[in-house]
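Numbering of ligands and ligand atoms starts at 1, following listing order.
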Amino acid sequence: MKFSNFIINTLKESPKEAQIISHKLMLRTSMVKQHTAGIYIWLPLGLRVLRKIEEIIRKNQNDINCQELLMPTIQSAELWKKSGRYDDYGKEMLRIRDRHEVELLYGPTNEEIITDFFNDYVNSYKNLPKYLYHIQWKFRDEIRPRFGVMRGREFLMKDAYSFDLSESTAFTTYKIFFMNYLKTFIELGLKPIPVKADPGAIGGNLSHEFQILASTGESEIAYDSNLTSKKLLDQTYEEINELYSASDDLIDKSKKDIVVGRGIEVGHIFYFGTKYSKPLGAKVVNRDGKNEDLYMGSYGIGVSRLVGAIIEAHHDEKGIVWPFQVAPFKINIIVSDELLENNVIIDIYDFLTDKYKDVILDDRLITFGKKIKDSELIGIPWTIIAGKNYIETGLLELMNRMTSEYLKISLEDLEKFDFEKNFS
Ligand code: ATP
Ligand code: MG
């Protein structure tokens, strides 16, 4: 990718509308543009990050045999009337009437539609458990959309749904998703804190949120300090849940020796048993040939919110510092005007593009200083500089965005250099 072919604008100053750092940086790097309150256009740079986050989530869901499908954004109101949520959901739900006066809605979540679909396809206990997910846009008419993509009205969610024969196997499923979420968020470069949570409009009696610490986070969380210091993935679900944790209304204010802070909710999982299967009549035949209600859970990740959350966790005074795996470009090659047509530089660019895919060559006719500033602002992990120094000594300069270290490197060494492993 050549910078001159890429649609990107970088701004020196933060637009006034942005209050928090992630929103400021997303606007300054033109990752997104607001179309209307809480509804965004994802520009090429932002979309690259969104897709990378999706891919990591997708891989992790597939790992636990959760199968991807794609449900529509527009749903029929009929099923929501059956579950009782058409009235309960209130003003957050965008209700629509088509030309025949049929009531539709823009899905804020998908429990009804998947329960109904699943019931048509799976009839026997022999086919359980089953897990399904999709990554689809949601609409919630939030009263105060704010902080950019953090609290949008239209936002991208990964939502998974599980179907089990009994409460006990459904609990095993819940634990699988819980551990899978920890792993997913860690792979995204975050430090998740799992906290016991209020199930809210989704319902049920067992629920956890996954929170990322940030002073601008909208949730209040309280937890045992061991929840962050211990290596979560080395522990079992039971060990993790022996430690105190809670969010918002569940917090016990009289509790001593706990850490209280603010968090960004990036994931939320629910066990709700037969709350939807009962009213929607979703049953399977059990071992004794009798009909049984399905035991269900649902598991959400705020994919578009994660873009903001990752920036909140990874930035400095110069701009964004993307973790390698979600960076929109891994390597930026900055060349001076006189080297733009240089075959050796073009060969390096082709070689690295083959190997790392997301490589950009800054061929804009602007100053070196501005190119370096932009690379730092956008947060590209590695910047290769080919300018005067290269012409004089044959060595390139390699800049690490995280450590700010400059390294002089020969062409041969550059070809062998592992950009992913060495980034820290
Ligand atoms: P919140 O408490 O932040 O309003 P929620 O509890 O209503 O979220 P869930 O129903 O749990 O949201 O949705 C699953 C995930 O979707 C959330 O954990 C969050 O990461 C994301 N999400 C929810 N609402 C929004 C929104 N308005 N904008 C962006 N992401 C959102
Ligand atoms: Mg929630």
- Is the NZ or CZ atom of K130 both under 6.0 Å from the centre of the six-membered ring of F163 and within 45° of that ring's axis? no
- Task: Would you mind reporting whether P108 and Y89 have side-chain heavy atoms less than 4.5 Å apart?
- Result: yes
- Item | Atom indices of ligand 1 within 4.0 angstrom of V149 heavy atoms, with elements | 29 (C)
- Message: Suppose we only allow N, O or S atoms; which atom of H268 ends up nearest to the Mg ion (ligand 2)?
- Response: ND1
- Task: Below 4.0 angstrom from a heavy atom of H268, which ligand 1 atoms are there? Numbered from 1 as shown, please.
- Result: 6 (O), 11 (O), 18 (O)
- side chain to side chain contact (heavy atoms under 4.5 Å, CB included) with I57: of Q61, E54, K59, only one passes, and it is Q61
- Could you establish whether G152 and ligand 1 come within less than 4.0 Å of each other, counting only heavy atoms on the residue side? yes
- Salt bridge or not for K82 and D116, using N-O below 4.0 Å? no
- Query: Which residue supplies the protein heavy atom nearest to atom 12 (O) of ligand 1, what is that atom called, and how far is it?
  - Reply: R140 NH1, 3.1 Å
- Check: of E218, E154, E142, min heavy-atom distance to atom 27 (N) of ligand 1 comes from E142
- Message: Tell me whether V266 reaches ligand 1 (any heavy atom closer than 4.0 angstrom to a ligand atom).
- Response: yes
- ligand 1 versus D159: contacting region, heavy-atom distance under 4.0 Å: neither
- Task: Using distance alone, determine whether F155 and ligand 1 share an N or O pair under 3.5 Å.
- Result: no
- Query: Do K52 and E55 sit within salt-bridge range, that is, some charged N less than 4.0 Å from a carboxylate O?
  - Reply: no
- Name the closest protein heavy atom to atom 13 (O) of ligand 1, giving the residue it belongs to and the distance to 0.1 Å. M157 CE, 3.5 Å
- Query: Is ligand 1 under 4.0 Å from a heavy atom in the side chain of M150, in the backbone, in both, or in neither?
  - Reply: backbone
- When you check the gap from the basic side-chain N to the acidic O, do D293 and K278 get nearer than 4.0 Å? yes
- Item | Protein heavy atom at shortest distance from atom 4 (O) of ligand 1 | R151 NH1, 2.9 Å
- Message: For N/O/S atoms only: which one belongs to E265 and is nearest the Mg ion (ligand 2)?
- Response: OE2
- Task: Starting from atom 21 (C) of ligand 1, locate the nearest protein heavy atom and write down its residue, its atom name and how far away it is, to 0.1 Å.
- Result: G302 CA, 3.6 Å
- Please identify which atoms of ligand 1 are closer than 4.0 Å to at least one heavy atom of G267. 18 (O)
- Message: Show the nearest heavy-atom pair for residues L396 and A386, with the distance to one decimal.
- Response: CD2-CB, 3.5 Å
- Task: Sort out for me which residue in I39, L105, I74 forms a side chain to side chain contact (heavy atoms under 4.5 Å, CB included) with F139.
- Result: I39
- Query: Ion pair present between E92 and K138, side-chain N to carboxylate O less than 4.0 angstrom?
  - Reply: no
- Query: Do NZ/NE/NH1/NH2 and the carboxylate oxygens of E111 and R85 come within less than 4.0 Å?
  - Reply: yes
- Item | Contact (N/O only, under 3.5 Å) between E265 and ligand 1 | yes
